[in-house]
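Working notes, structure below.
Quick caveat: nothing in here was measured; it's all calculated off a predicted structure. Counting begins at 1 with the first residue of the sequence. We count ligands from 1, going down the list as the structure has it; atoms in each ligand are counted the same way.
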Amino acid sequence: KEATGSAEETKTKTLIFGGTGYLGTYIVKASIKLRHQTFVYARPITPQSSPHKINLHHEFQSLGVTIIEGELDEHEKIVATLHRVDVVISSLPFPQVPDQIHIIEAIKVAGNIKRFIPSEFGVEEDRLSFLPPFEACLDKKRKIRREVEASGIPYTYISANCFGAYFLNYLLRPHEEHEDVIVYGSGEAKVLFNYEEDIAEYTIKVANDPRTCNKIVIYQMPMNILSQMELISLWQSKTGRSFRKIHVPEEELVKLTETLPFPDNVPASILYSIFVKGDCLNYELREDDLEASCLYPDYKYTTVDQLLDVFLVDPPKPARATF
Ligand SMILES: CCOC(=O)[C@H]1C[C@@H]1c1ccc(O)c(OC)c1
């Protein structure tokens, strides 16, 4: 798809909900890097707050981030915060996805927000169907999309596919001593592993780009498409090691989704979607869909091969999503 129009985004005041979370931290740093005045709405720090959250607040403040402490149901506080900014990005995790209704209500009252990006960043949930546990999680995101459309708020939905560092840690486990790697299904289905720093930087660009208003933007970087087997052989050649591959049959993943209680059955349904069905690439881009690397052809994203080189020397800390 040809990029058209100006890729230069204007410098706006950007507010991030979920800014102290896994992807949110990358988004806050990308917003600062792209020199936007950056605000974070975050839960109040208390003596029970984790050292990680406390350190993050201090780090953000040292970077010049304005932190507003509050809960998601503090309507007046959110409206007052919205009057200080132009663009709102949410990267709240699955358990808080329904709470985004408070953000939508506040945006409607405030009336000044130029773009809202709800918390998505995964598979394109309006184009595909999934095993029930994943379906239930994605239904929460679909409901927010419909609320956003009904509200008339200018929006952009982002399908960022697989978080690269997250899944390289999940599959290759560089922090552990091990001789084997788990392969879900045959390992041949194509997957899209996009480095979190690129997902974050593209998201700041997208949030400020008139071409992406009321559109879906898919992050489908061509160099980041590979199967589990291709990823493992790349990793073997880089490490000089050879791993025993233990295949988890797809039938076993399906059985886990049917026998484990919610939310323990969600990961298996996601693994099935991504690694067995290949859902990251299981649909054609439509005429009015936009793809990130086409929108910003001059932006050099980190390829999986380059990310593996980073993993060789300093693998990022592993993380685990909540559902
Ligand atoms: C295997 C366990 O999966 C996860 O931990 C969550 C983070 C994965 C995820 C969650 C939601 C998604 O839409 C998605 O699309 C690729 C990926």
Side-chain angles (χ1 to χ4, degrees), residues 18 21-27 90-98 100 117-145 157-173 181-185 187 189-196 198-200 202-203 216-221 224-228 231 246-248 250 252-257 260 262-283 291-292 304 307 316-323:
Y22 178 75
L23 183 66
T25 303
Y26 285 97
I27 293 175
S90 168
S91 59
L92 289 166
F94 271 111
Q96 277 76 47
V97 160
Q100 292 179 114
I117 297 191
S119 184
E120 303 253 337
F121 303 107
V123 291
E124 179 32 53
E125 68 256 19
D126 273 347
R127 309 278 168 91
L128 298 157
S129 62
F130 307 88
L131 291 178
F134 197 17
E135 198 70 48
C137 290
L138 293 173
D139 259 348
K140 293 195 269 187
K141 295 190 171 183
R142 293 185 184 111
K143 283 195 173 72
I144 290 297
R145 284 192 177 190
Y157 301 147
I158 291 174
S159 172
N161 291 300
C162 287
F163 295 174
Y166 184 98
F167 275 100
L168 263 52
N169 267 315
Y170 202 101
L171 296 172
L172 305 175
R173 296 179 289 137
V181 287
I182 308 288
V183 180
Y184 300 99
K190 294 292 188 182
V191 187
L192 243 170
F193 299 99
N194 293 320
Y195 184 31
E196 287 82 342
D198 300 319
I199 291 173
Y202 276 134
T203 296
I216 293 178
V217 181
I218 316 284
Y219 294 4
Q220 203 173 80
M221 290 78 103
N224 293 345
I225 297 172
L226 70 173
S227 69
Q228 291 173 89
L231 178 74
I246 300 176
H247 289 258
V248 174
E250 58 182 87
E252 191 171 325
L253 288 173
V254 174
K255 196 150 144 271
L256 286 171
T257 68
L260 288 173
F262 186 90
D264 302 337
N265 57 356
V266 174
S269 63
I270 294 176
L271 292 167
Y272 181 85
S273 163
I274 297 166
F275 295 119
V276 173
K277 284 179 56 201
D279 276 341
C280 290
L281 294 152
N282 244 351
Y283 56 92
E291 195 281 321
V304 177
L307 185 55
K317 243 162 58 69
R320 278 292 175 274
T322 51
F323 301 102

Exercise for review: Say whether V123, considering both its backbone and side-chain N or O atoms, lies within less than 3.5 Å of an N or O atom on ligand 1.
Suggested key: yes

Exercise for review: Return yes when F121 approaches ligand 1 closer than 4.0 angstrom through a heavy atom, no otherwise.
Suggested key: no

Practice item. Please confirm whether Y166 comes within less than 3.5 Å of ligand 1 when only nitrogen or oxygen atoms on both sides are compared. Key: yes

Review point. Going by the atom numbers of ligand 1, which of them fall below 4.0 Å from some non-hydrogen atom of I274?
Key: 16 (C)

**Study point:** Side chain, backbone, both or neither: the part of F193 lying under 4.0 Å from ligand 1 by heavy atom
**Key:** neither

Check your understanding: Are side-chain N/O atoms of Y219 and T203 paired as donor and acceptor at under 3.5 Å?
Key -> yes

Exercise for review: Name the closest protein heavy atom to atom 8 (C) of ligand 1, giving the residue it belongs to and the distance to 0.1 Å.
Suggested key: F167 CZ, 3.8 Å

Check your understanding: Taking only heavy atoms of L271, which atoms of ligand 1 are found under 4.0 Å from at least one of them?
Key -> 1 (C)

Practice item. Check whether any side-chain heavy atom of I182 sits under 4.5 Å from a side-chain heavy atom of F275, and report yes or no. Key: no

Check your understanding: Who's the nearest protein heavy-atom neighbour of atom 12 (C) of ligand 1, and how far?
Key -> F134 CZ, 3.6 Å

Check your understanding: Is a donor on one side and an acceptor on the other found under 3.5 Å between the side chain of Y166 and the backbone of A321?
Key -> yes

Check your understanding: Between N224 and N194, is any side-chain donor less than 3.5 angstrom from a side-chain acceptor?
Key -> yes

Practice item. Return the option from F275, Y170, F130, F163 holding the heavy atom at the smallest distance from atom 2 (C) of ligand 1. Key: Y170

Review point. So does R145 pair up with E124, basic N to acidic O under 4.0 Å?
Key: yes

Review point. Does the side chain of R320 come within less than 4.5 Å of Y22's, by heavy atoms?
Key: no

Review point. What protein heavy atom sits nearest atom 3 (O) of ligand 1, and how far off is it?
Key: I270 CG2, 3.5 Å

